[in-house]
There are 2 protein chains.
Amino acid sequence: MRPDTHTFRSRCSIARTLEILGDKWTLLVLRDLMWHGKDRFKALQESEEHIPANLLSERLKRLQDWGLIEKEAYQERPTRYRYRLTEEGRSLEPVLLQIMRWGHAHLGGGLFDPVSGRSQQATPDKA
Amino acid sequence: MRPDTHTFRSRCSIARTLEILGDKWTLLVLRDLMWHGKDRFKALQESEEHIPANLLSERLKRLQDWGLIEKEAYQERPTRYRYRLTEEGRSLEPVLLQIMRWGHAHLGGGLFDPVSGRSQQATPDKA
DNA sequence: CGACTCACTTTCATTTTGAAAGTTACTTAA
DNA sequence: TTAAGTAACTTTCAAAATGAAAGTGAGTCG
């Protein structure tokens, strides 16, 4: 968490949330950690959208600062790291689901079912 | 809508949604149109977070392009404009609500009730 | 030794942001 | 009949963020 150093721009919950998650990449990192078993730097980098390495690095740091994920060396020689959602991070699942549903209904993207771990493909008649 | 010109970077519904809404301002504009009766350029500008005029102008254009809002001259001499959510734009309410709930629970922001039009203030013990 | 992998960091050109001032159309007060 | 004011933008420009690519360091493998 980041209680002391940070000053929010407003008291609005949406504005506050956007200070942490309001960009084109952060929620995709959380999506991959939440649902797609991608817990390593390289795996996160290689997702469909191809986040640049420097941005991934920055975003992971920010998410750690806010206590939404944690980093763990799960192997020595060679040292390998794993990122995982904290309980606070996991609590974002309803947000991801809601955004996904909207994108599926209005932009024709896929629909992932976290229970089965499978996705339905796009509604083909939209952008 | 913007079906023809635009190519999405991936088939993921979340990634697609973030191409339209993934920044620090767009959802705040939608919040103000959705719940706070701010339908004029000036009113939107004067919200707590103070979006710069050039960004507000750009965001309003983008939201129009995607068919989420529409612009209407509701008065001549002097000409005055009003922005309003389309039905597609209204369909983002569950997304806004979910983000708001998360921000309230985890970042201590306010909690607005769209039914009563009133907000509960921040949980005072968090950032 | 040389090649390869992972997990980054650095570099740098391009793009976006944000603060401020400027513009246009029109109204109202002096 | 200017003068000031308001709304809705647009323009300007410096600073910050983004993104493509190359570089780094620790370690392994053949």
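Proteins get letters first, then strands, A, B, ... in listed order; numbering begins at 1 in each. Note that this is a predicted model, so its numbers are computed, not measured.
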Q: Start with the C-alpha distance between A:L60 and A:K71, add both sets of side-chain angles, then the distance that settles side chain to side chain contact (heavy atoms under 4.5 Å, CB included), and finish with yes or no.
A: CA-CA 9 Å; A:L60 289 170; A:K71 179 185 185 175; over 6 Å; no
Could you tell me how far apart [X] ([atom1]) and [N] ([atom2]) are, to the nearest whole angstrom?
X	N	atom1	atom2	answer
B:E72	D:dA7	CD	P	18 Å
B:K24	C:dG18	NZ	P	8 Å
A:L60	C:dA7	CG	C1'	11 Å
A:L28	D:dG19	CG	C1'	15 Å
B:R62	C:dT17	CZ	P	7 Å
B:I51	C:dA20	CD1	C1'	16 Å
B:L44	D:dA7	CG	C1'	13 Å
B:L56	C:dA20	CG	P	17 Å

Within less than 4.0 Å of OP1 or OP2 of [N], is there a side-chain N or O belonging to [X]?
X	N	answer
A:K42	C:dC6	yes
B:Y83	D:dC9	yes
A:K71	C:dC8	yes

Q: Identify whether any heavy atom of A:R82 sits under 4.0 Å from a base atom; if not, whether one sits that close to sugar-phosphate; answer base, sugar-phosphate or nothing.
A: nothing
Q. Think A:R16 forms a cation-pi with A:W66, using NZ or CZ under 6.0 Å from the six-ring centre and within 45 degrees of its axis?
A. no
Scan nucleotides 26-28 of chain C against the protein and return all N/O pairs shorter than 3.5 Å with their distances rounded to 0.1 Å.
| unit_1 | atom_1 | unit_2 | atom_2 | d |
| --- | --- | --- | --- | --- |
| C:dT27 | OP1 | B:R77 | O | 3.3 |

Let me check something: any side-chain donor-acceptor pairs from residues 47-55 of chain A under 3.5 Å, sequence neighbours excluded? List them with distances.
| unit_1 | atom_1 | unit_2 | atom_2 | d |
| --- | --- | --- | --- | --- |
| A:S47 | OG | A:D32 | OD2 | 2.6 |
| A:S47 | OG | A:K38 | NZ | 2.9 |
| A:E48 | OE2 | B:R11 | N | 3.4 |
| A:E49 | OE1 | A:R31 | NH2 | 2.7 |
| A:E49 | OE2 | A:R31 | NH1 | 2.9 |
| A:E49 | OE2 | B:S10 | OG | 2.8 |

Q: May I ask you to decide if the ring planes of A:H6 and A:F8 are parallel, tilted or perpendicular, using 30° and 60° as cut-offs?
A: perpendicular
**Q.** Minimum heavy-atom distance between A:P78 and A:Q75, given as atom pair plus value
**A.** O-NE2, 3.0 Å
Q | B:S13 side chain to A:G109 backbone, donor-acceptor under 3.5 Å | A | yes
Q) Ignoring hydrogens and geometry, is there a side-chain-to-backbone donor-acceptor pair from A:E58 to A:K61 under 3.5 Å? A) no
Q.
I'd like to know whether B:L97 forms a side chain to side chain contact (heavy atoms under 4.5 Å, CB included) with B:E93, so could you lay out the CA-CA distance, the side-chain angles of the two residues, the decisive distance to 0.1 Å, and finally the verdict.
A. CA-CA 6 Å; B:L97 283 168; B:E93 190 168 34; 4.0 Å; yes
Q) Is A:L30 close to A:L21 at the side-chain level, that is, under 4.5 Å between some pair of heavy atoms? A) yes
Q: Note down the inter-axis angle between the two ends of the helix from C:dC1-D:dG30 to C:dA30-D:dT1, five pairs each, to the nearest 10°.
A: 10°
Q. Can you list the residues that meet the salt bridge (charged side-chain N to carboxylate O under 4.0 Å, His left out) rule with A:K42, with sequence neighbours excluded?
A. A:E46
Q. Taking the nucleotide of DNA chain D with the closest heavy atom to each, which residue, B:R40 or A:W25, is nearer the 5' end?
A. B:R40
Nucleotides 9-13 of chain C: which of its N/O atoms have a protein N/O under 3.5 Å away?
| unit_1 | atom_1 | unit_2 | atom_2 | d |
| --- | --- | --- | --- | --- |
| C:dT9 | OP2 | A:S57 | OG | 2.6 |
| C:dT9 | OP2 | A:K61 | NZ | 3.1 |

Q | Derivation and outcome, side chain to side chain contact (heavy atoms under 4.5 Å, CB included), residues B:I20 and A:L107 | A | CA-CA 10 Å; B:I20 305 172; A:L107 305 173; 3.6 Å; yes
Q | Partners meeting ring-ring contact (aromatic ring centres under 6.0 Å, His included) with B:F41 (sequence neighbours left out) | A | none
